[in-house]
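The structure under discussion appears below in the form of structure tokens.
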Amino acid sequence: MRTLSLLLALAFTVSFSHAQTAEEIINKYLTATGGVEKWQKLEGVKMSAKVNQGGMDIPLDIFNLKDGRQMTVVTFQGKTIKQGVYDGTTLWNTNFMTMKAEKSDAESTEIFKTGLADFPDPFLNYSAKGYKVELIGKETVEGTETFKIKLTKKPLVIEGKTEENVSFYFFDAEEFIPILVESEIKIGPAKGQISQITMSDYQEVNGLFFPFSLGQGVKGGGSQPITLTKIELNPQVDPKEFVFTEEK
């Protein structure tokens with residue numbers, strides 16, 4: 001009887017360990033949110049959202065297309081302001097002071113380009129992208145038990161130095177969906193701090209599941225809530241909307 005008990009215990013341990021591999025967690029995540037086939041067919045996403053600033057809801061539209069084109073359109077006090085726009089070649093923003101389009105510097109553009117392969121999800125075909133995943137273990141996030149997975153992408157070149165490009169994803173241990181992402185901020189005033197993005201309120205959109213409630217901030221600091229009001233798949237967008245136009 002003791003031998004049988006040991007065998008059963010060993011079998012349970014092996015099975016439990018196998019269920020916790022990073023690859024299996026990611027497969028369950030992609031399946032739970034719609035399946036690999038549907039994610040691969042996705043050509044673009046338009047997310048309509050609102051951000052509360054000083055008691056005022058500011059609407060914005062976020063566009064992400066499979067070919068790499070992206071932009072965020074902010075509507076504020078009757079003005080339309082474009083930020084984080086990439087037309088396939090140039091990354092640019094609207095200067096809030098002059099309200100004119102300005103190109104991003106070469107380093108920021110190259111860092112941005114390293115994330116283009118993430119559409120529609122960094123874990124989709126991650127191995128083919130040259131990414132690596134590692135299960136760090138379990139961790140409790142605001143009362144929820146999670147699997148902590150380390151995602152290592154292609155390195156970044158910052159100020160002439162090569163630096164690692166790592167993010168930590170915390171997957172709900174029961175639902176197999178990410179609820180928190182942490183990564184070190186590499187450039188800008190917040191350099192060296194840990195960025196935190198929270199995700200919740202997953203809802204179905206044409207067979208795929210997206211978080212409709214987001215939070216963005218730094219670890220130990222405040223978080224800016226972002227509420228998605230609508231998500232449109234494969235939107236039709238005029239290519240001219242992304243093009244950088246330099247004013248004379």
Side-chain angles (χ1 to χ4, degrees), residues 16 19-34 36 39 42 45 47 49-53 60 62 64 70 72 84 111-112 114-115 117-127 129 131-154 156 163-205 208-229 231:
F16 186 72
Q20 291 186 90
T21 65
E23 182 180 7
E24 188 150 324
I25 292 168
I26 291 167
N27 287 339
K28 287 183 177 181
Y29 157 59
L30 293 173
T31 299
T33 53
V36 170
W39 282 114
L42 190 61
V45 179
M47 295 179 284
K50 57 183 180 181
V51 178
N52 190 280
Q53 290 280 5
L60 52 90
I62 304 167
N64 284 282
Q70 300 180 27
T72 297
I111 292 175
F112 173 84
T114 63
D118 287 358
F119 181 90
D121 190 285
F123 291 106
L124 183 66
N125 302 322
Y126 66 88
S127 183
K129 298 173 184 176
Y131 297 175
K132 295 181 180 180
V133 297
E134 178 187 355
L135 177 62
I136 303 301
K138 280 191 171 184
E139 193 167 316
T140 301
V141 176
E142 295 187 356
T144 300
E145 188 175 39
T146 69
F147 292 111
K148 183 178 181 180
I149 288 184
K150 178 181 179 181
L151 174 65
T152 303
K153 301 193 289 187
K154 295 180 180 180
L156 304 171
E163 296 194 20
E164 65 176 6
N165 187 5
V166 171
S167 296
F168 294 93
Y169 284 73
F170 297 79
F171 287 80
D172 185 304
E174 292 185 1
E175 302 293 335
F176 294 96
I177 53 176
I179 61 173
L180 172 66
V181 184
E182 291 186 341
S183 56
E184 183 182 345
I185 300 171
K186 300 292 186 178
I187 59 174
K191 182 179 179 180
Q193 297 188 62
I194 302 300
S195 164
Q196 287 189 321
I197 299 174
T198 58
M199 297 164 286
S200 60
D201 189 23
Y202 279 77
Q203 298 181 32
E204 182 182 358
V205 180
L208 293 174
F209 284 82
F210 298 85
F212 272 68
S213 182
L214 306 171
Q216 188 168 3
V218 295
K219 193 171 185 176
S223 178
Q224 173 65 63
I226 303 173
T227 303
L228 272 63
T229 55
I231 292 180

* Quick one: do Thr144 and Ile179 satisfy side-chain contact (heavy atoms from CB on, under 4.5 Å)? Show the steps, please. => CA-CA 9 Å; Thr144 300; Ile179 61 173; 4.0 Å; yes
Looking only at heavy atoms, which two atoms of [X] and [Y] are closest? And how far apart?
| X | Y | value |
| --- | --- | --- |
| Gln196 | Leu180 | CB-CD1, 4.1 Å |
| Tyr131 | Pro122 | CD1-O, 3.5 Å |
| Leu228 | Ile231 | CD2-CD1, 3.6 Å |
| Ala22 | Val133 | CB-CG2, 3.9 Å |
| Asp201 | Ser213 | CB-CB, 4.0 Å |
| Trp39 | Leu30 | NE1-O, 3.9 Å |

Return the [atom1] to [atom2] distance between [X] and [Y], rounded to the nearest 0.5 Å.
| X | Y | atom1 | atom2 | value |
| --- | --- | --- | --- | --- |
| Phe210 | Met199 | CZ | CE | 13.0 Å |
| Met47 | Thr229 | CE | OG1 | 11.0 Å |
| Glu182 | Phe168 | CD | CZ | 8.5 Å |
| Thr146 | Ile25 | OG1 | CD1 | 9.5 Å |
| Leu208 | Gln203 | CG | CD | 13.5 Å |
| Asn52 | Thr227 | CG | OG1 | 8.5 Å |

* Asked: Around Glu23, counting heavy atoms of other residues, nucleotides and ligands shown, do more than 12 lie under 6.0 Å from its CD?
  -> no
* Asked: Heavy-atom count around Lys186 NZ within 6.0 Å, excluding the residue itself: above 12?
  -> yes
Are the side chains of [Y] and [X] in contact, using a 4.5 Å heavy-atom criterion?
| X | Y | value |
| --- | --- | --- |
| Lys154 | Thr114 | no |
| Lys50 | Leu60 | no |
| Tyr126 | Lys153 | no |

* Assess whether side-chain contact (heavy atoms from CB on, under 4.5 Å) is satisfied between Ile136 and Ile149, documenting all intermediate values. => CA-CA 6 Å; Ile136 303 301; Ile149 288 184; over 6 Å; no
Determine yes or no for a side-chain-to-main-chain donor-acceptor pair under 3.5 angstrom, with [X] supplying the side chain and [Y] the backbone.
| X | Y | answer |
| --- | --- | --- |
| Thr72 | Ile62 | no |
| Asn64 | Val45 | no |
| Thr140 | Gly143 | no |
| Ser195 | Val218 | no |
| Glu164 | Leu156 | no |

* To do: Measure from the ring center of Phe147 to the ring center of Tyr169 and say whether it is less than 6.0 Å.
  => no
* To do: Please say whether the positively charged group of Lys148, taken as NZ for Lys or CZ for Arg, lies over the ring of Phe170, i.e. under 6.0 angstrom from the six-membered ring centre and within 45 degrees of the axis.
  => no
* Carboxylate-amine/guanidinium proximity below 4.0 Å for Glu134 and Lys132 -> no
* Is Asp118 salt-bridged to Lys129, going by a charged N under 4.0 Å from an acidic O? -> no
* Please lay out, stage by stage, how Phe123 and Leu151 fare under the test side-chain contact (heavy atoms from CB on, under 4.5 Å). => CA-CA 9 Å; Phe123 291 106; Leu151 174 65; 4.0 Å; yes
* Asked: Is there a ring-ring contact (aromatic ring centres under 6.0 Å, His included) between Phe171 and Tyr29 once you walk through the steps?
  -> CA-CA 8 Å; Phe171 287 80; Tyr29 157 59; 5.4 Å; yes
* Does the side chain of Glu163 pick up a donor-acceptor pair with the side chain of Asn165 at under 3.5 Å? -> no
* Decide side-chain contact (heavy atoms from CB on, under 4.5 Å) for Lys150 and Val166; before the verdict, give the C-alpha distance in whole Å, the side-chain angles of both, and the deciding distance to 0.1 Å. => CA-CA 7 Å; Lys150 178 181 179 181; Val166 171; 3.8 Å; yes
